[in-house]
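Computed from a prediction, not measured in an experiment: that's the story for all the values here. If you read the sequence from its start, that first residue is 1, and numbering goes on from there.
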Amino acid sequence: MSTSMETPAEATGKPLRDVVYETLRGELMNGGIKFGERLTEPKLSTRFGISRTPVREALTMLCSDGLLQREEFGFSPVRPSVPRIRDLYELRLTLELGGVARIMNNPDLTHDRALLLAERERWLTLQADPPEQQPGFVVVDEEFHVALLTSAGNAEMVRALLSVNSRIRHVRMYDFMVNNRIETTISEHLGILDAILGDELTLGYQLLHTHIGESLDVVLERISRAIAAMSMAE
C-alpha cells in the first residue's frame with residue numbers, strides 16, 4: 001500500500017500561497033535574496049515542491065507589497081530609495097500632525113470621540129494579548145493612524161494618508177521585525193489616544209510626532225542592513 005509524501009510547504013498546514021509568500025518575504029527583508037537575483041515560477045515551484053499556481057499568487061502579493069518587481073524573465077527585488085522614503089515619511093508626518101493641529105487651532109472643531117473610544121478598546125484588547133512579531137502587523141498599525149486622522153474630520157487628508165501608506169508599506173514592515181516593537185507600538189498608540197481623549201492635544205501632538213519619528217529611525221536602520229546584505233555578491 002503506497003502513501004503520499006507531504007512537501008515541506010504542505011506539512012505546515014497553511015495555504016501553499018501563504019507559505020511561499022511568508023518565506024520569500026522574510027528572505028527579501030533580511031537580505032537573503034540579492035539584488036539582481038531572478039525569481040521564477042519554475043524554480044520556486046521546484047524548490048517548494050508545489051505547483052506554479054500558489055507560487056504565482058505569492059509573487060503577485062510580493063509585487064503588491066512593493067518588495068518585488070516584474071522583469072522580462074521572472075521577478076527581482078526592489079531596491080529601496082532612502083531619500084524617497086524620508087520624503088514620504090515627512091509627508092505622512094505632515095498629514096497626521098495636521099489632523100491634530102486643525103482641532104487645536106479651531107475651537108469649533110472636535111475629534112470624533114466615538115471613533116477614538118472604539119479604537120482605544122481595540123488597542124486595549126491587543127495590549128492584553130499582543131500578536132507575535134511579524135511584518136504583517138503594519139496593516140493593523142495603519143488602521144490606527146487612519147482612524148486617528150479620520151477622527152479629525154478632513155476626508156481629503158485621510159485620502160492623502162492612504163496613498164502615502166500604500167507607498168511606504170513595504171518598508172514600514174521592517175518596523176515590526178524588531179523585538180518588542182509591536183508591544184511598544186501598542187503602548188504608544190494608547191498613550192496618544194488617552195492624551196487626545198483627555199483633551200491634552202498638545203501632548204497628543206508631541207507623542208504622535210515622537211512615535212512616527214522613532215518608526216522612521218527603526219525602518220531606516222533595518223533597510224540599511226537589508227540593502228547591505230542584498231548588495232553582497234551583486
What distance do [X] atom [atom1] and [Y] atom [atom2] have between them, rounded to the nearest 0.5 Å?
X    : Y   : atom1 : atom2 : value
L68  : L28 : CG    : CG    : 5.0 Å
R56  : E41 : CZ    : CD    : 4.0 Å
T60  : F75 : OG1   : CZ    : 6.0 Å
T53  : R17 : OG1   : CZ    : 12.0 Å
M157 : T94 : CE    : OG1   : 9.0 Å
K14  : E22 : NZ    : CD    : 3.5 Å

Looking at [X] and [Y], would you say the former's side chain and the latter's main chain have a donor-acceptor pair under 3.5 Å?
X    : Y    : value
R102 : A152 : yes
S76  : E37  : no
T23  : V20  : no

Stepwise, does the side-chain contact (heavy atoms from CB on, under 4.5 Å) test hold for L44 with L59?
CA-CA 10 Å; L44 291 171; L59 291 171; 3.8 Å; yes

Quick one: does [X]'s side chain get under 4.5 Å of [Y]'s, heavy atoms only?
X    : Y    : result
N154 : V158 : no
I168 : Y89  : yes
I182 : L126 : no
V146 : L162 : yes
R84  : R167 : yes
E121 : T125 : no
F176 : P135 : no

Do [X] and [Y] share a hydrophobic cluster, counting only Ile, Leu, Val, Met, Phe, Trp and Tyr and linking them when any side-chain heavy atoms are less than 4.5 Å apart?
X    : Y    : answer
L93  : V219 : yes
I223 : L91  : yes
V140 : L148 : yes
I212 : V100 : yes
F144 : L97  : yes

If I compare all heavy atoms of [X] with all of [Y], which pair ends up nearest, and what's the gap?
X    : Y    : value
P77  : I33  : CG-CG2, 3.7 Å
P130 : E183 : CB-OE2, 4.1 Å
I186 : P131 : CD1-CD, 4.4 Å
I85  : P80  : CD1-CB, 4.0 Å
G74  : T40  : CA-CG2, 4.1 Å
P54  : S51  : CD-OG, 3.2 Å

Hey, is CZ on R38 packed in by over 12 heavy atoms from elsewhere, all under 6.0 Å?
yes

Flag if over 12 foreign heavy atoms under 6.0 Å of CD, E90
no

Donor-acceptor contacts, no H, no angles, side chain residues 189-207, under 3.5 Å, sequence neighbours left out:
unit_1	atom_1	unit_2	atom_2	d
H189	NE2	D141	OD1	3.0
H189	NE2	H145	NE2	3.4
H189	NE2	H211	NE2	3.1
D194	OD1	R120	NE	2.6

Could you go through the side-chain contact (heavy atoms from CB on, under 4.5 Å) check for S215 and R92 one step at a time?
CA-CA 12 Å; S215 170; R92 177 192 170 199; 4.3 Å; yes

Determine, for R122 against E119, whether the closest basic-nitrogen to carboxylate-oxygen distance falls under 4.0 angstrom.
yes

Is the shortest side-chain N to carboxylate O distance from R47 to E27 below 4.0 Å?
yes

Could you check L16 against E57 for side-chain contact (heavy atoms from CB on, under 4.5 Å), going step by step and ending with a plain yes or no?
CA-CA 10 Å; L16 300 180; E57 292 172 349; over 6 Å; no

